[in-house]
Amino acid sequence: MNHHSLLATWLMILVLVGLNSAGDMSTATAMRRVGDFSEIRRRTGVWGVVRGVLTEPWFFIGLTAMTLSFFTMLAALSIIDLSIVIPASASMSFLLNLIGAKFILKEHVTKRRWISGILVLGGIVLLRT
Amino acid sequence: MNFLRYVLLAFIVIGSTLGDVYVAKGMKQIGEISVHRLRDLILAPLHPYVALGIALLALFYFSYLASLSWADLSYIMPSTTFGYVLTALLAHFMLGEKVPLTRWIGIILISLGVGLITGGHSLTVVPTPEGVSPHLEMKPEARS
């Protein structure tokens, strides 16, 4: 791997991470607004679930971000190993998502979740080596 | 937490992991994509391995949507990370990439973290017109 493609690699991973987290947070927002699928299905059937999802604008924002991140991943995978791309982007997206879950989605990130998050993050970092 | 929800979490892990592996396998066969070969990137989903990978990622995506409808992102996230453990294992056994000792330790840490969180609360907030408010039943057992 030459110098040029190393820079391109990290740039791709950064774009991948940004799109990934944006996608996750938009999708989580969308699904929270739609509500529990099994409850909606009990009340209005499967089509009620489909209608709920397809009328939620955040769902499409999330889907667009995830589609773009998928093509970025394809491009990244063509020049770097799977065992580097996935953990590298995963560890950064994970941290970004955990912060976003607390401050943007306002979830109660309990002590148990922080400890779990730190263990998982440590694990992802070790997976990179 | 009923049986169906565990099945969905399993689909998330299996779909994302195998999906990534097959997409990577396909992209390795297609070869390096440069700015001069963007057409190859657009056509990549037609490659059999990439297509199989996308089908598995679709399975992941629908399970992910359903799971996020009843659980927090900060609950689902570590659970989905378990897929990276599988990715490392599959990269080792299917793609022949080397897995050093540090990576095995990483695998153990992730497994511990996932085990810890799946025993906790799955939903802590509910949507309200003003934004979100704390979930009323902060107990681990979800409604069936």
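In what follows, chains are A, B, ... by sequence order, proteins preceding strands, each numbered from 1.
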Check: What's the verdict on side chain to side chain contact (heavy atoms under 4.5 Å, CB included) for B/Met77 and A/Ser93, showing C-alpha distance, side-chain angles and the deciding distance?
Finding: CA-CA 10 Å; B/Met77 233 168 35; A/Ser93 304; over 6 Å; no
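The minimum heavy-atom distance between A/Met31 and B/Leu65, with the atom names listed, is CG-O, 3.4 Å. When all heavy atoms of B/Ser74 and A/Val109 are compared, the closest pair comes out as OG-CG2, 4.1 Å. Of all heavy-atom pairs spanning A/Leu119 and B/Leu109, the tightest one is O-CB, 3.5 Å. Residue A/Ser116 comes nearest to B/Leu116 through the heavy atom pair N-CD2, 3.8 Å, listed as atom of the first residue, atom of the second, then distance. For A/Val120 against B/Ile110, the heavy-atom pair with the smallest separation is O-CG1, 3.7 Å.
Tracing side-chain contacts under 4.5 Å through hydrophobic residues (I, L, V, M, F, W, Y), one never reaches B/Tyr64 starting from B/Leu4; they form parts of separate clusters. A/Leu19 and A/Leu96 end up in different hydrophobic clusters when Ile, Leu, Val, Met, Phe, Trp and Tyr side chains are linked at under 4.5 Å. By the criterion of side-chain heavy atoms lying less than 4.5 angstrom apart, applied directly or through intervening Ile, Leu, Val, Met, Phe, Trp or Tyr residues, A/Met25 is grouped together with A/Leu95 in one hydrophobic cluster. Following chains of ILVMFWY side-chain contacts shorter than 4.5 Å, one can reach A/Val50 starting from A/Leu63, so the two form part of one hydrophobic cluster. By the rule that hydrophobic residues join a cluster once side-chain heavy atoms approach within less than 4.5 Å of another member, A/Val53 and B/Phe62 end up as members of one cluster.
Comparing A/Leu98, A/Leu121, A/Asn97 by heavy-atom pairs within less than 4.5 Å of chain B, the highest count is held by A/Asn97. Of all the listed residues (A/Gly122, A/Ala101, A/Gly35), the one sharing the greatest number of non-hydrogen pairs under 4.5 Å with chain B is A/Gly35.
Atom-to-atom distance recorded for B/Leu68:CG and A/Leu105:CG is 9.5 Å, nearest 0.5 angstrom. Here CG of B/Asp20 is found 4.5 Å from CE of A/Met73. Values are rounded to the nearest 0.5 Å.
With a 4.5 angstrom heavy-atom cutoff, B/Ile54 touches chain A only via side-chain atoms. Contact annotation for A/Ile40: neither backbone nor side-chain heavy atoms come within less than 4.5 Å of a heavy atom of chain B. The contact between B/Leu57 and chain A is made entirely by side chain atoms (from C-beta outward), counting heavy-atom distances below 4.5 Å.
Residues of residues 54-62 of chain A that come within less than 4.5 angstrom of chain B, heavy atom to heavy atom, are A/Phe59 in numerical order.
A 6.0 Å sphere centred on CZ of A/Phe94 holds more than 12 heavy atoms belonging to other residues, nucleotides or ligands.
When atom types are taken as modelled, the side chain of B/Ser69 and the backbone of A/Phe37 share a donor-acceptor pair closer than 3.5 angstrom. Here the side chain of A/Glu107 pairs no donor or acceptor atom with the backbone of B/Asp72 at under 3.5 angstrom.
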